[in-house]
Every structure is written in C-alpha cells, then in structure tokens.
Amino acid sequence: MKIVHVSAECYPMAKVGGLADVVGSLPKYQHALGHSAMVIMPMHQTPFLSSHEWELIQESSIPFSNTTLNYSVIKEKNNNLHFELYCINVVGFFDRPNVYGYDDDTDRFLAFQIATMNWLSKWKNLPDLIHVHDHHAGLIPFMLRHCYEFQHLSTIKTVLTIHNAQYQGWMPLQKADYLPSWDKWKSGLLEWDHQLNPLACAIKCADKVTTVSPSYMQELVNDSNGLAYLFKNEKGKCSGIINGIDYEVWDPKTDHFIEAKFNVRNLEKGKRLNKEKICAEFNFDSQLPLFIFIGRFVTEKAADLLPDAISRAFEQFYGKFNMLILGNGDPLIEQALSNMHQKWFGYYHSKIAYNETLSHQMYAGADFLLMPSRVEPCGLNQLYALRYGTIPIVRSTGGLKDTVIDFGNDDGFGICFNQATVDDIVLSIGRALDLYNDNYKVNQIRKKMISINNSWESSAKDYIHLYNSI
Ligand code: GLC
C-alpha cells in the first residue's frame with residue numbers, strides 16, 4: 001500500500017509535541033511492514049533543515065485569494081529516517097524557525113494544504129491512502145472530494161488522526177474562497193458553529209477518524225471543545241488506536257544521550273549511575289527520590305497547578321525529595337516555576353526550555369514522572385518513562401488511563417489519581433515517597449515496566465487493518 005502522511009510536525013525535522021514523535025515513527029514501522037509510507041510537511045527553518053541534504057522535486061504556484069504564491073517541494077536525500085520525507089515551502093510563509101505562533105498561522109496552513117494538493121494532483125503514481133494529522137491538514141479530505149481540479153484524486157481514501165481536539169484551526173467562513181473552486185452545495189461540510197472549522201470538516205469528510213487512545217475517543221463524545229455532537233453523529237467511523245513509541249530512538253540499551261546504558265539485567269545499577277549524573281548537574285542529593293515533569297506549560301497538561309502543588313508538597317515533605325522541571329509555554333507559568341528556585345534551593349530546579357537530550361537524561365535518571373494532565377489524548381512521556389524504568393504518576397484520563405495501572409492493583413506499576421487538583425497531586429507525591437522506601441517493591445515495579453512492550457509494532461498493524469477496511 002502507498003500511504004502519504006500529511007502533518008505540521010515530524011521528528012526530527014520539527015517538533016513541538018507528541019504529534020512530531022508519532023509522525024516521525026509510525027511511517028517507519030509501516031515501512032517495516034512492507035508498505036510505502038511517506039511524510040509531507042511544511043519546510044520550517046529548523047536545524048535539521050540546514051544540516052541535511054535535500055533534492056528539489058517540484059516548483060510551481062497556487063492561486064491564493066487575489067494573489068499567486070510560489071511553492072517548492074524538497075526531499076530529504078539520504079533517507080536514513082526509513083521513510084521518505086518531503087517538505088513544502090510556500091514562499092513567504094515558512095521561512096521562519098517556529099512551527100506555530102505567528103499571526104498569519106491560518107493562512108500559512110491553508111497555503112500549505114493547497115500546495116500539498118496542487119503537488120499531489122501532478123503525481124503519476126497516486127497513493128492509495130492519505131493520512132492527515134490534526135487540523136493543520138484537515139481540509140485535505142474535503143479538497144480531494146469536492147474541488148473540481150482534484151476530481152482525478154477523489155478515489156483516494158483518507159484517514160484523519162486527532163492528536164488534540166482542543167485546537168481546531170477555526171477561521172472565518174470567507175476563507176473558503178481561498179480554496180481552489182469547489183462544489184458550493186458542499187459548503188455545509190466546511191462549517192461548524194458559523195466558522196470554517198478544519199478539524200470538524202475532516203471529521204465529516206475523512207473515510208475513517210481515529211484518536212490516539214480508545215479512552216480519549218470515548219471522552220470526545222461528551223466533551224470536545226464544541227464538537228461533541230459531531231462526534232456522536234460520526235461515531236460509526238471513529239475509533240481509538242493507542243500510540244506506540246519509537247523503540248530505536250527511545251532505548252536505554254543504546255541511547256547515546258545518557259550516562260550509563262542499561263537493560264533489565266543491570267537496571268538498578270543503570271538507573272543509579274544516570275541518577276547520580278543528573279543530580280550532580282543540578283546539585284541534588286542523589287539519595288533522595290527524584291521527581292520530574294517534562295512538557296509544555298499549558299492548562300491541558302495542568303502545568304498551571306505545578307507551582308502550588310510543588311510548594312505544598314515541599315511544605316509537607318520538606319527535605320524528602322527533589323523535583324526537576326523541563327518545558328516551556330505560558331509565560332506566567334514559566335515565571336511562577338522560575339520564582340520557586342530560591343525558596344526550595346537545593347531540592348528544586350526548573351529548566352525553561354525544549355531540550356531533547358536533557359529529556360532522555362531525565363527519563364533515565366529519575367524515579368518518578370509526574371503527569372497531572374487535564375486532557376491527554378495519548379501521552380507519550382509516560383511510555384518513555386516506562387521504557388526507562390521511571391514510575392509514572394498520572395491523572396487517569398485519555399491515554400494515561402489506557403496505559404498506566406496503579407501499583408495498588410495486582411498487575412499495576414504506576415501511581416494513578418482521579419482529579420487534576422493540587423490535593424490529588426500532593427497525595428500522590430506522598431504515595432510515591434512511601435513506595436520509594438520499599439526498595440524491593442520499586443525494583444519489582446521497574447522490572448515490570450521495562451518489560452512492557454509499547455513499541456509501534458501492534459498499533460502500526462492496527463492502522464494497516466483500518467486502511468484495509470476502507
Ligand atoms: C498530542 C497530545 C498527546 C499525544 C500526542 C501524539 O500532543 O496532547 O497526548 O500523545 O499528540 O499523538
């Protein structure tokens with residue numbers, strides 16, 4: 001099967017969150033299953049772009065409102081990603097370092113999608129299936145079916161995967177005029193709640209819709225930032241497929257970012273050496289349990305609760321643990337987390353950054369990973385933590401509910417709580433401290449975690465099965 005993924009992010013070319021990890025690994029596993037899988041994404045100006053060799057594949061132009069935009073398509077030359085990576089540059093829109101966050105994001109992703117379709121319409125060997133990810137590629141299933149100039153593509157099947165339904169790409173309805181001319185009888189497909197809503201449009205137009213965990217799919221039917229009714233209507237074509245992780249990138253046996261490589265046999269020693277290294281870097285006493293939080297500082301991740309929760313935990317259990325935070329996002333949260341350095345000096349540190357290397361070192365050296373998310377479609381950090389023998393402390397929601405079982409149950413290995421509140425977080429830190437005192441139990445849990453298989457192998461097959469069904 002010939003599969004094309006379209007996404008705003010793909011690791012290692014450009015990463016903001018888990019979307020990049022998924023789009024950078026699923027195609028690789030599909031390739032290993034004997035399919036041709038490729039990725040099309042915007043040409044963000046990232047270090048990966050400048051440090052790799054590219055081949056020019058296409059130069060052309062698209063009409064866009066009352067102007068014409070030139071675009072080019074380049075392909076990564078060495079193909080050591082194990083899938084073909086194509087980047088589209090729409091002149092004027094992607095000559096920037098960040099993936100999102102510009103005033104004209106709406107036009108940028110609109111132009112990216114139109115250019116993608118324009119290029120696809122010139123292909124001689126058409127793909128069997130186009131797999132679009134999140135709202136940035138959400139208008140593609142519509143264009144494929146209802147724009148006159150793409151009629152010859154209309155038999156290609158489409159799948160939408162929702163990594164986060166909070167963001168929908170809303171824009172004024174008038175923007176529909178930017179699309180290459182389309183069947184006006186179909187205008188209802190573009191609209192949701194008097195706006196042009198690319199995510200809603202993709203839910204209506206794609207042949208199948210998936211979310212990145214079964215529990216998140218169930219939650220969306222009740223609460224999905226205005227789309228619950230739509231999810232109820234389209235339930236028949238929706239399903240949840242849990243994400244896997246890239247077992248080559250995330251492997252404590254071979255990880256070149258970490259101090260000491262380890263496996264299930266030398267797990268205790270490996271964890272200890274990595275912990276000593278990271279504790280030395282941040283001036284922590286490595287005898288104390290090390291808690292970490294890694295992620296974007298947004299309310300979905302409940303990062304706004306961290307300053308209070310951590311302070312309360314330090315007041316209650318002072319001198320009994322260390323906490324290291326890595327991430328960035330909301331400036332107010334960044335500020336609040338930085339302000340705590342002085343007060344809890346020697347036990348607390350926050351690094352306001354996106355840092356892939358440090359994140360590997362943190363998973364390898366920490367004892368507990370905190371994920372109090374309000375919304376978590378799948379969550380990959382808990383899966384990385386499991387692979388590196390770090391016990392996840394999670395709020396049971398979405399993918400966290402599907403992948404972490406509380407250690408109070410027979411087959412459990414993590415710490416789960418129900419409410420995204422300061423109280424529940426502090427209580428869970430307390431439970432973790434009690435558990436840490438039981439060295440035998442901690443080691444048993446670590447062995448169990450590291451033996452769980454969360455690689456893409458089985459989920460990649462589930463996607464192929466889904467593709468075959470259409
Ligand atoms: C988004 C979600 C996260 C998920 C990731 C990959 O970042 O917030 O839960 O794991 O996408 O699907």
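Just follow the structure's listing: the first ligand is 1, and inside any ligand the first atom is 1.
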Any atom of ligand 1 sitting under 4.0 Å from a heavy atom of Arg296? yes
Heavy atom of Gly399, distance to ligand 1 below 4.0 Å: no
Please classify the [X] to ligand 1 contact at 4.0 Å (heavy-atom distances, strictly less than): side chain, backbone, both or neither.
X: Val212; result: side chain
X: Asn243; result: side chain
X: Gln382; result: neither

Using distance alone, determine whether [X] and ligand 1 share an N or O pair under 3.5 Å.
X: Glu300; value: no
X: Gly17; value: no
X: Val22; value: no

Could you tell me if [Y] and [X] have a donor-acceptor pair between their side chains, going purely by distance under 3.5 Å?
X: Glu356; Y: Tyr354; result: yes
X: His131; Y: Tyr467; result: yes
X: Tyr178; Y: Gln113; result: no
X: Asn197; Y: Gln168; result: yes
X: Tyr388; Y: Asp255; result: yes
X: Thr210; Y: Ser239; result: no

[X] neighbourhood, listing ligand 1 atoms whose heavy-atom distance to it stays under 4.0 Å:
X: Gly379; result: 3 (C), 4 (C), 9 (O), 10 (O)
X: Leu19; result: 5 (C), 6 (C), 11 (O)
X: Pro377; result: 2 (C), 8 (O), 9 (O)
X: Leu380; result: 10 (O)
X: Gly18; result: 5 (C), 6 (C), 7 (O)

Taking the basic N atoms (NZ, or NE/NH1/NH2) and the acidic carboxylate oxygens, is any pair closer than 4.0 Å for Asp304 and Arg374?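 Salt bridge present between Asp304 and Arg374.
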Nearest non-hydrogen atom to atom 11 (O) of ligand 1 belongs to which of Lys301, Glu376, His163?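 Among Lys301, Glu376, His163, the closest heavy atom to atom 11 (O) of ligand 1 comes from His163.
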Has Arg387 got its NZ or CZ under 6.0 Å from the middle of the six-membered ring of Tyr363, at an angle within 45 degrees of the ring axis?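 Output no; distance or angle outside limits.
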Name the residue from Phe321, Tyr436, Tyr348 that meets the ring pair (Phe, Tyr, Trp, His ring centres under 6.0 Å) definition with Phe291.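 That would be Phe321; it is the only one of Phe321, Tyr436, Tyr348 passing the ring pair (Phe, Tyr, Trp, His ring centres under 6.0 Å) with Phe291.
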